[in-house]
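In what follows, every heavy atom counts, from backbone to side chain, and hydrogens, waters and symmetry copies are set aside. Here is the naming used below: chain letters follow the sequence lines, and residue numbers restart at 1 for every chain. Being a predicted model, the structure only gives us computed values, none of them experimental.
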Protein chains: 2
Amino acid sequence: MRRPTMDDVAGRAGVSRALVSLVMRDSPKVSPERRAAVLAAAADLGYSPHAMARQLAQRTSTVLAVLVSDLHNPYFADVVEAVDTAAREAGLDMILSTGGRRPAGERRAVETMLGFRPAGLVLLSPVVPQSVLEAASASTPVVAVERTVSLPGVDTVTDDGRAGSRLAVDHLAGLGHRDVVHLDGGQGAQSSTRRRGFVDAMRAHGLAPHVEPSEYTEEGGAAAVARLLAAGTRFTALVAANDINAIGALSALADAGLRVPEDVSVVGYDNTSLAAMRHVGLTTVDQPRAEMGRLAVAAVVERIGGHRTAPTRHRLQPSLVVRTTTAPPRAAGTTA
Amino acid sequence: MRRPTMDDVAGRAGVSRALVSLVMRDSPKVSPERRAAVLAAAADLGYSPHAMARQLAQRTSTVLAVLVSDLHNPYFADVVEAVDTAAREAGLDMILSTGGRRPAGERRAVETMLGFRPAGLVLLSPVVPQSVLEAASASTPVVAVERTVSLPGVDTVTDDGRAGSRLAVDHLAGLGHRDVVHLDGGQGAQSSTRRRGFVDAMRAHGLAPHVEPSEYTEEGGAAAVARLLAAGTRFTALVAANDINAIGALSALADAGLRVPEDVSVVGYDNTSLAAMRHVGLTTVDQPRAEMGRLAVAAVVERIGGHRTAPTRHRLQPSLVVRTTTAPPRAAGTTA
DNA sequence: GGTCATCGTTAGAGCGCTCCAATCATTGGA
DNA sequence: TCCAATGATTGGAGCGCTCTAACGATGACC
């Protein structure tokens, strides 16, 4: 079970350990014969470098730590995939961990990862308090995705949540809706931005904004709609906190015998694979997830290289994807 | 940016580095006063142990490497969550990586992870050739989940795919279906087991089994159904390769104007959150995912402890979850 | 023929930690 | 009172690697 070390390879190839090290790192200053001998010995022994020993000696890490708030949300699968690809291209190895959308879980996950002295830390929609991010940024480059942070040591990559909500409202208002309710993301990252965008856009259309508390989960969406119906609230359209929240809302509407989009129109946020499913066909706001993942890694790389110390604030433009859950309200055409 | 080391803490607390090490590992053989002094110094300095240096010195890793074949399949989110929880309880830190369901990608991911000399390697539905698993098992405990492997050094945790398919067929046959088609998982892990179970169960009911090639993806399911319809194949029920494959099949059926379950019944496999969605309501075969994740970690832990060298072969019993995509066929009641 | 770069190679220190054996301080038993 | 036993603490070697500086061997140059 004991794996061969550099010394074993050196012994077999009849060279010094330092030379083996050079070969392993593709140094140009090694004669072809020696290089061949070393590679042959390594192959014979089935040797591969010990990544941790290397990092300890180098005093520089190639580990990119990534925290995912919720593995069940397909939104993250896309971002993580992009991060993974970009990280590999930058020569970084991704470590993934999850906090289960709970601050305590995330905090512990961050601490564990920091124990590995990663080259950087990418947090996807984190819910930990800012203080944790600040502490982390003291020892490694930190990038927060889909979370507004104003710390000088923390870079951010978000979509323009206000613009996203505006797209949704403009679309609905254009269809003739006047009674539109926003299901709020609560403690979730970026929810306040989306809420503000909703309120502003509604006012711009001369409509009264109604915000109903909810959260970034299916259950939350269902519960919020159930509450609205129980209260007898009048609405013909919903702007959900995100896609899974919208899915929950759709379920609750179906339970109540309301048809979508005939009785109620629904708009989601994130354009996850869920929204694209034929049986859902959710109209939703698309975030450039791949781009966001790439930018997050790029931000880390820039900091590592020391090319930058000032924080980056990427704010990407979302777009609307219209599918089958939105249509003019019943009494359409009555609006100006 | 330089993080404090154990020596810094020792200096501040006025003790030796070895004593700090003992405190950090909660050794009982440290006097309360010294312990307090060390902890205070560590807190002042914001010290946290360097996980990699620790592992190098200990010659034993606490890293559990986990390979996920497809982050987009919610099936894995559940298993990973269970693995994460169990790993943490066992004092292991999870590293996650993904191969994008491509053998080359998985192979590279495995090599990268092995560079960290993990305490164990858990592969979820891997598609790499057995030789890769064999090579890996030479240097660390390896557990394959949902993949049949007969190597002595590799433990396995699978569900009983034959039994799962049988549950599906029994259910459909019980409803009166006679023309049932199985969408095959192709190269995917465990697909041959599920296929065999389907064929055997159909024969046991005196029915002719029809197997249509497909794969573990939404597109694959849609394409297979489109092919069946184009060929004019007669069928009243489908046993899909897995849930996302079933989702694709549902879409294709809808496109063709066929209603589910009135015209065609559909059974999935995995009981993912997708299947449970109100708008899908997929009848499906449930795997005890949490249990599987736990068992996988347990297998690694047993090998680490040296308690076992013989391979474990866990085969768990699946169960059927009946929802709304299955019903008697149009001409029901005609069967014996 | 001697000096000086240049090149490929190597010894050895050190990364931050754990482990072992050795040390020192205390206590209890005879 | 002395010695063994117990418990708390420490020095130093070593984990597998990288890095720096130094090394010997060439060859170029005058």
Hydrogens and angles aside, do Q287(A) and Y75(A) bring a side-chain donor and acceptor to less than 3.5 Å of each other? yes

With axes from five pairs an end, tell me the bend angle of the helix from dG1(C)-dC30(D) to dA30(C)-dT1(D), nearest 10°. 60°

How many Å lie between NE2 on H50(B) and P on dC17(C), as a whole number? 7 Å

Nucleotide of dT9(D), dC19(D), dC17(D) approaching R25(A) most closely (side-chain heavy atoms): dC19(D)

Of R35(A) and A51(B), whose closest DNA chain C nucleotide lies nearer the 5' terminus? R35(A)

Under a 4.0 Å N-O cut-off, is there an ion pair linking D270(A) with R289(A)? no

M52(A) CE to dG14(D) P, in whole Å, measures 23 Å

Name the residue from L124(A), L123(A), L133(A), V157(A) that meets the side-chain contact (heavy atoms from CB on, under 4.5 Å) definition with V143(A). V157(A)

Nucleotide of dT10(C), dT10(D), dC17(C) approaching L22(A) most closely (side-chain heavy atoms): dT10(C)

What's the closest nucleotide to the L19(A) side chain, out of dT18(D), dT10(C), dC17(C)? dT10(C)

Which one, dG16(C), dA8(D), dT10(D), comes nearest to the side chain of T5(B)? dG16(C)

Under a 4.0 Å threshold between the charged nitrogen and the carboxylate oxygen, would R315(A) count as salt-bridged to D159(A)? no

Candidates dT9(C), dT10(D), dC15(C) - which lies nearest the side chain of V15(B): dT10(D)

For L56(B) and dC15(D), what is the distance between atoms CG and C1' respectively, to the nearest whole Å? 4 Å

Categorize R17(A) for me: base, sugar-phosphate, or nothing, with a 4.0 angstrom heavy-atom threshold over every strand shown. base

Proximal nucleotide (of dC17(D), dT18(C), dT9(D)) relative to the V30(B) side chain: dT9(D)

Whole-Å gap separating C1' (dA21(C)) and NZ (K29(B)): 11 Å

R108(A) versus T112(A), side-chain donor and acceptor atoms under 3.5 Å: no

R59(A) CZ - dG16(D) C1' separation (whole Å): 14 Å

Does either side chain, that of E81(A) or that of T98(B), offer a donor lying less than 3.5 Å from an acceptor on the other one? no

How many whole angstroms separate atom CG of D7(B) from atom P of dG16(C)? 8 Å

Value in whole Å for how far the P atom of dG14(C) lies from CE of M6(B): 20 Å

Exactly one candidate in H50(A), R54(A), Q55(A) meets side-chain contact (heavy atoms from CB on, under 4.5 Å) with M52(A); the answer is H50(A)

Quickly work out the R34(B) CZ to dC24(C) C1' distance and round it to whole Å. 11 Å

What residue among V23(A), L22(A), V15(A) forms side-chain contact (heavy atoms from CB on, under 4.5 Å) with R35(A)? V23(A)

Any S31(A) side-chain nitrogen or oxygen under 4.0 Å from OP1 or OP2 of dT9(C): yes

Just to confirm, is there a sub-4.0 Å distance from OP1 or OP2 of dG11(D) to any side-chain nitrogen or oxygen of S16(B)? no

On DNA chain D, compare the nucleotides closest to A18(B) and P4(A); which residue's is nearer the 5' end? A18(B)

